[in-house]
Peer 1: 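Following this message is one structure expressed as structure tokens.
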Amino acid sequence: MKITFPDGNVREYPVNTTGYEIAQSISEGLARNAVGILLNDDKYDLMRPISEDANMKILTFDDEEGKDIYWHSSAHLMAEALQQLYPGIKFGIGPAIENGFYYDVDLPENVKLTAEDLPKIEAKMMELAKAASPYIREVVDWEEAMHHWRDEVKDEYKAELLEGFKGQEISFYKHGTFTDLCRGAHLPNTSLIKAVKLLSIAGAYWRGDSSRKMMTRIYGITFPKKKMLDEYLLMREEAEKRDHRKLGKDLDIYMITPIIGGGLPVWLPNGTTMRRIIEDFMRKEQVKRGYQEVITPHVGNINLYKTSGHYPYYADSQFPPMTIEDEEYMMKPMNCPHHHQIYLNKPRSYRDLPLRLFELGTVYRYEQSGELSGLTRVRGFTQDDAHIYCTVEQLKDEVKGVVDIIYYFFKTFGMADSIQTRLSFRDDSSDKYGGDIELWLKAQREITEAADELGLNYVIAPGEAAFYGPKIDFIIKDAIGRKWQLGTVQVDYVMPERFNLEYTGADNTEHRPVCIHRAPLGSMERFMAILIEHYAGNFPFWIAPVQVSVLPIGSVQHEYAEQLKTKLEAQGFRVMIDTRNEKINRKIAESEQKKIPFALIIGQKEMEAGTVSVREHTKGDIGAKTQDEIIALFTDLNENRTV
RNA sequence: GCUGAUGUAGCUCAGUUGGUAGAGCACAUCCUUGGUAAGGAUGAGGUCGCCGGUUCAAUCCCGGCCAUUAGCUCCA
């Protein structure tokens, strides 16, 4: 049979040669490191014979699919350890994930598992790994498999999974004392697993359904080398230091107190300074691009949200309505209906379109208590919101314009390369969507065309659409690897209908505009969280709450230092001065800890020469400069929004 | 909302057979006037998350609540 390799090379092998033997024929080292193969793009066991011509790629731990096989096999290994330690345990699903694997298990009634038990399980796993048990694939017919799980093992979870595999080929994988219902592929044997760390233990609903049983989920990760595990754990530790909840506190950016309310962040002076700088930047850019700023109240009559459909749809995640003099009002959970009223404030002509209204609009949503998290998930937040009302013909260009400004913003903050783009479409099996299906399909088509014409690299996510229209979402990961949606663009044919928005066309008849909802950063809160983590608190000069610290060495230089501070402030820079009776080393240390971009050190020499000694944060001493030179440097940094 | 963990000074954390608490940093005062990451001394600072129970006695044991947190579910 002919085997074609990724580089196009074709080699001839006898029928029923295994991937392992093929790897051996290339090099012993490759065979030793191989974890599996890709056979015609499908994952395939290394030790499973190949019977016909195929394309193949040998996978090692360095390949994404290789990690998948490796970690999936590790989940089986953990299951074997758990089964030996806790007889009677039942198993749900145990897949590989982006970093490691997990297994959902149902423990026997008398067993309670806590984090303290994890080392014991790890030790058992290592013991079992050393046994070098081969992973053996076995094909069984469906009835036999059902008999095994339902009647012999009595694992109702596996039986339920099997229920869904009727008519498909059923395979078991066995290694050591453990057998699993599994499609594969797996490692040749357990000895390739050299280092293990079980990371956490948590609850997870069976099949992701909150009405069903809560299983115990154990997360872990394994590596083929001990050193790789150490590096991974060190990386996690470093990531935790960037966590915005820690830095937000250390750098006095925001606070949250239950006395005000959970999920209701309070912006401290440093955070407020940063927010205003970013908001001003965005405001100017949007005005430049033809947006008009508006301000609407934080409260609105409930009828607005009844008309839009948001009130019934999201009733349980809104602050409840308040009744005053027979009228019901709500904290606004979104800005759209307010902006629609602005549209309706006077008759609109096609000459007015596109009408682009933007607002830094603060909205309130009663998120579930278990969801709250620092600034990333809160109950009161400010959207950098806008609604664009345009004609059907203008739609695609407007969508493209929005995507352009979104990328412009993310580029400015150095984050464009970290952004993932997702087209969030409807899932036709659900009936949660409003509006005419034809308009939906049209909107989805137009979004796709716009994305393609812009050359966006996207994934399509069915079922992720808003109830009124499809979206383009911009997703980013935080310091500890959680994904968050930042920007969004949504095409909406439904709300213009519900609010009866119209414009007079060139033909002197009334037409329905289409509405684009968009928020480039999403919310200021979440964006600030990501920004803090992105820069690890080492903000670029133009954003830093305090840009410069002036550090006189002795009291003799205080007057000169104060004059310099005044001069810099007159130029608009944010400056602090440290005239405490402390040694210069101490003042420098604290300036560095506060992550202030520049420290200007002034001693006798500088005062006499009319210069300053400049120290750049994280870089160190960059030498003496005249006052004019530093003003020129700072001005340049501010204007170019760099460093 | 669900499952688990956690809650002690402004911050980071100690505090076991239950006898009303301690460190470092920060803060205040004094001494030190110094050259690129933390000088010294003294002092002040606590409803041990809140409420209830057991006990002669609770930071510690038990129950409830609140908050934070790891996940799950949800996310206009």
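Labels below follow one simple rule: chain letters A, B, ... track the order of the sequence lines, proteins then strands, and each chain is numbered from 1.
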Peer 1: Nearest to the side chain of A:I553, which nucleotide is it out of B:A37, B:G35, B:A76?
Peer 2: B:G35
Peer 1: Can you tell me which residue among A:W206, A:Y103, A:Y157 is in a ring pair (Phe, Tyr, Trp, His ring centres under 6.0 Å) with A:F91?
Peer 2: A:Y103
Peer 1: Given the C1' atoms of B:G35 and B:G22, what is the spacing between them in whole Å?
Peer 2: 38 Å
Peer 1: What is the distance, rounded to the nearest whole Å, between atom NZ of A:K594 and atom P of B:A26?
Peer 2: 11 Å
Peer 1: Classify the side chain of A:S317 versus the base of B:A76 as yes if they form a donor-acceptor pair under 3.5 Å and no if they do not.
Peer 2: yes
Peer 1: Is A:S308 reaching over with its side chain to a backbone N or O of A:Y305, donor-acceptor style, under 3.5 angstrom?
Peer 2: yes
Peer 1: Taking the same atom, P, in B:G1 and in B:C13, what whole-Å distance lies between them?
Peer 2: 27 Å
Peer 1: Send over the distance from A:R365 CZ to B:C75 P, rounded to a whole Å.
Peer 2: 11 Å
Peer 1: Is it the case that A:R379 places NZ or CZ above or below the six-membered ring of A:Y366, under 6.0 angstrom from the centre and within 45 degrees of the axis?
Peer 2: yes
Peer 1: For A:K90, does the NZ atom sit with more than 12 other heavy atoms under 6.0 Å from it, leaving out its own atoms?
Peer 2: yes
Peer 1: Just how far, in rounded Å, is C1' of B:A38 from CZ of A:R615?
Peer 2: 12 Å
Peer 1: Return the nearest nucleotide to the side chain of A:K583; candidates are B:G34, B:A5, B:C27.
Peer 2: B:G34
Peer 1: Protein within reach of the bases, or only the backbone? For nucleotides 60-72 of chain B, mark each nucleotide 5' to 3' as B, S or -, using heavy atoms under 4.0 Å.
Peer 2: -------SSSSBB
Peer 1: What integer number of Å spans the C1' atoms of B:A9 and B:G18?
Peer 2: 23 Å
Peer 1: Given that both pair distances must be under 3.5 Å and the pair must be Watson-Crick or G-U, what runs of three or more consecutive pairs involve RNA chain B?
Peer 2: B:1-7 with B:66-72, B:10-13 with B:22-25, B:27-31 with B:39-43, B:49-53 with B:61-65
Peer 1: Looking at residues at least two apart in the chain, or sitting in another chain, which of them share a side-chain hydrogen bond (donor to acceptor under 3.5 Å, both in side chains) with A:D209?
Peer 2: A:S211
Peer 1: Go through B:U33, B:A37, B:A76 for me and flag the one nearest to the A:H310 side chain.
Peer 2: B:A76
Peer 1: Side chain of A:R586, heavy atoms from C-beta onward: which of B:A37, B:C27, B:A26 has the nearest atom to it?
Peer 2: B:A26
Peer 1: Ignoring hydrogens and geometry beyond distance, is the side chain of A:Q490 in donor-acceptor contact with the base of B:A76 at under 3.5 Å?
Peer 2: no
Peer 1: For B:G34 versus B:G43, give the span between their C1' atoms, rounded off to a whole number of Å.
Peer 2: 25 Å
Peer 1: Donor-acceptor check, side chain of A:R526 to backbone of A:T376, threshold 3.5 angstrom: yes or no?
Peer 2: yes
Peer 1: Using a cut-off of 6.0 Å, state whether more than 12 heavy atoms not belonging to A:I295 lie near its atom CD1.
Peer 2: no
Peer 1: Would you say A:Y219 and A:R217 are linked by a side-chain donor-acceptor pair, where the criterion is simply a distance under 3.5 Å?
Peer 2: yes
Peer 1: Rounding to the closest angstrom, what is the interatomic distance between B:A67 and B:A76 at atom P?
Peer 2: 24 Å
Peer 1: Over how many whole Å does the gap from A:R212 atom CZ to B:C2 atom C1' extend?
Peer 2: 15 Å
Peer 1: What's the separation between atom OG in A:S317 and atom OH in A:Y314, rounded to the nearest 0.5 Å?
Peer 2: 7.5 Å
Peer 1: Please report, rounded to the nearest Å, how far the P atom of B:G34 is from the CD atom of A:Q604.
Peer 2: 10 Å
Peer 1: For A:K605 and B:G34, give me the distance from atom NZ to atom P, rounded to whole Å.
Peer 2: 14 Å
Peer 1: Rounded to the Å, how far apart are A:F474 CZ and B:C75 P?
Peer 2: 20 Å
Peer 1: Indicate, with a heavy-atom threshold strictly under 4.0 Å, whether A:Y468 touches base, sugar-phosphate, or nothing.
Peer 2: sugar-phosphate
Peer 1: Tell me which of A:V614 and A:L113 sits closer to the 5' end of RNA chain B, going by the nucleotide each one is nearest to.
Peer 2: A:L113
Peer 1: Output the rounded distance in Å from CD (A:E590) to P (B:A26).
Peer 2: 7 Å
Peer 1: Whether the A:Y389 and A:H340 side chains hold a donor-acceptor pair (N or O, under 3.5 Å, no angle test) is what I'd like checked.
Peer 2: yes
Peer 1: Would you mind telling me which of B:A38, B:C27, B:G4 lies closest to the side-chain atoms of A:K112?
Peer 2: B:G4
Peer 1: Compare the minimum distances between each of B:G39, B:U12, B:G35 and the side chain of A:K249, then state the nucleotide with the smallest one.
Peer 2: B:U12
Peer 1: I want to confirm an ordering. Mapping A:S210 and A:T114 to their closest nucleotides on RNA chain B, which one lands closer to the 5' end?
Peer 2: A:T114
